[in-house]
Amino acid sequence: MTNLEIAELLRAVAAAYQLTAPASASRKRGGRENADKNKFKIIAYQRAADAVEHASSELKDLWDDKKLEEVPGIGKSIAEHLDELFRTGKSKHFEEVMEGLPPSMFDLMKVPGVGAKTGYKLAKELGIKSLGELEKAAKTGKIKGIPNILKSIEETKGRTRRLLLPYASQIADSLVEWLKTEPSVKEAVALGSLRRKAATVGDIDIAVATNNPQKVMEHFTKYPKAQRVLEKGEASASIIVPGDIQVDLMVQSPDSFGALLQHFTGSKHHNIALREYALKKGLSLSEYGIKELKSQNSKVIKFETEEKFYKFLGLDCIEPELREDIGEIEAALAHKLPHLVELKDIKADLQIHSDFDIETSHDLGVSSAEEVVGKANELGYEYIAFTEHNPSKSGHSEKQIVELLKKKREKIEKINYSRIQKVFNSLEIDIMPDGSLPVPEAGLELLDFALVSIHGSFKMPREQMTKRVLSALAHPKVKIFAHPTARKLNEREGVELNWPEIFDFCKSKSKWLEINSDPMRLDLPDTLVHEAVKFGVKLSMGTDAHHKDNMDFMQFGVSVARRGWAQKDDIVNCLSLSEFEEVIIK
DNA sequence: GCCGTTTTCGGCCCGACTGTTTTCAGTCG
């Protein structure tokens with residue numbers, strides 16, 4: 001079972017418990033305790049589900065190593081049920097809790113506005129077995145009490161993809177611009193996962209500072225591209241824009257804007273952890289500010305900036321990219337937050353494809369070597385590497401491959417570059433299913449260093465895949481494992497690898513893991529970057545540009561590095577040219 | 001059911017919006 005499947009199961013159990021805590025129970029004597037007990041059990045299961053979904057290792061592997069209980073949110077009881085699940089394929093307890101529940105209720109719960117209780121009612125009382133049937137029932141007016149049910153169903157059907165960062169930014173920018181045309185808007189900022197620079201964004205969150213909330217709400221809901229208004233209250237509103245994308249707005253007075261920035265940037269998990277931390281100090285946090293619980297007249301203390309908000313709590317200000325509740329609060333308290341790498345620290349791009357035709361196995365770049373070098377100069381880089389794909393193995397003899405690579409090397413040696421100091425002759429080489437490299441020794445000798453990557457045979461058992469990769473990485477010319485999981489966002493899951501083994505190999509043999517900055521890859525993923533950094537593995541940044549303008553993607557890779565707690569020292573692209581030349585021959 | 005720099009017992013984040021059961025439940029972020 002995958003982590004996602006386990007998370008879904010735990011959420012289903014949580015939903016089942018919600019049904020066993022009827023509202024009426026609280027009115028009966030003794031019912032309150034039972035309802036409350038379930039209430040926290042529900043939260044516990046939901047938290048466990050979240051934790052599993054966000055875990056950086058497969059739960060099955062943790063179970064193999066008897067480390068289930070090390071996942072925060074999984075305790076003795078859930079660990080025992082999961083143990084049974086892994087051993088026998090099912091859990092008696094989970095089955096008991098969910099006994100008699102119509103399976104379709106979980107599908108129905110995917111519709112916004114339908115939770116456990118509504119889902120159960122729809123499935124049980126109206127006998128609705130699918131989204132399609134729900135739609136039919138809604139059209140005939142049988143469904144009451146769920147706002148915009150038809151539209152919500154439609155959006156649920158279409159919503160399988162999350163937004164990639166550049167696209168989400170565009171949408172947010174256009175909305176922020178629109179909001180700023182209203183004079184009472186003092187400030188408008190995009191927050192949420194977009195500000196935290198998560199790899200994909202579910203919906204767009206925007207905060208506005210104003211002294212006239214009503215006017216801002218009116219203006220927001222009149223956004224020309226708005227397809228419909230989901231909600232509109234005094235402090236928040238939501239609209240749908242083309243692409244079935246939800247945009248949430250929250251407003252706050254300028255003197256409390258810091259608290260709103262903090263609240264609305266999230267993540268949810270960070271905020272929950274922060275509020276629990278604050279509670280222990282007798283403080284209650286919200287988007288309005290901070291309340292001291294012990295004082296009777298508990299006035300809300302306001303904050304204009306986030307820095308002041310965190311400082312009041314005794315914490316260093318935490319960069320948005322770190323706010324995921326993975327140790328940042330503890331680090332901020334101990335003044336041990338990492339000094340995160342920045343775009344300006346990057347001195348090189350280590351994966352670029354030019355149009356120089358060496359009859360490659362995969363797509364060639366479209367910009368000439370000269371154009372790429374010009375762009376590198378613009379970006380102020382010290383050095384770059386040309387990393388076209390290897391010539392296809394099927395179409396060439398070994399001798400032909402070496403000839404093509406000779407031509408490429410000669411071409412690179414003749415390049416005239418002005419500001420940039422060095423262009424490395426590299427190659428992105430397929431890792432064949434058996435772990436071999438499709439380039440003969442004589443061809444590899446022509447390279448300064450090589451990248452290797454997986455471009456086929458993605459489905460392979462974990463240990464076999466790990467062996468495959470390590471065998472390719474072992475060649476002395478190979479320095480970089482490029483887009484290591486081979487995932488494509490919204491399209492393809494990553495391959496399965498034994499990461500501790502990969503990390504160990506990379507660290508001891510000084511190989512580097514790439515952070516591929518293409519917004520559709522962002523690979524290594526941030527959680528694995530964090531693991532790698534903790535392990536002491538060095539990282540390499542590349543844009544995988546197939547057009548010179550794609551070299552601007554570096555910002556997205558840097559965001560991934562920052563989300564993985566990477567500092568300058570963790571990234572080889574931050575080395576000066578002379579330092580880099582030393583490490584590539586190590 | 002989870003968890004521990006107030007606690008191994010007794011707590012558990014906080015507020016907004018909708019619809020409607022006019023004081024709250026359900027859902028969401």
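Heavy atoms only: backbone and side chains are in, while hydrogens, waters and symmetry mates are out. Chain letters run A, B, ... following the sequence lines, proteins first and then strands; every chain starts at 1.
- A/F220 pairs with exactly one of A/V208, A/I239, A/V251 by the side-chain contact (heavy atoms from CB on, under 4.5 Å) rule, that one being A/I239.
- Rounding to whole angstrom units, CG of residue A/D205 and C1' of B/dG29 are separated by 8 Å.
- Regarding contacts with the backbone of B/dG1, a side-chain N or O of A/H93 is found under 4.0 angstrom from either OP1 or OP2.
- Straight-line distance between the P atoms of B/dT8 and B/dC17: roughly 40 Å, to the nearest whole Å.
- Straight-line distance between the P atoms of B/dC13 and B/dC2: roughly 15 Å, to the nearest whole Å.
- The same atom, P, is picked in B/dG10 and in B/dG15; the two are 26 Å apart, to the nearest Å.
- As rounded to the nearest Å, B/dT6 and B/dG11 have P atoms that lie 16 Å from one another.
- Of the residues in residues 209-220 of chain A, none has a non-hydrogen atom less than 4.0 angstrom from any atom of DNA chain B.
- Rounded to the nearest Å, the gap between the C1' atom of B/dG26 and that of B/dT21 is 13 Å.
- Sequence order on DNA chain B of the closest nucleotides to A/S77 and A/M109 puts A/S77 first from the 5' end.
- As rounded to the nearest Å, B/dT20 and B/dC9 have P atoms that lie 47 Å from one another.
- Within the shown strands, nothing qualifies as a pairing partner of B/dT8 under the Watson-Crick or G-U definition with both distances less than 3.5 Å.
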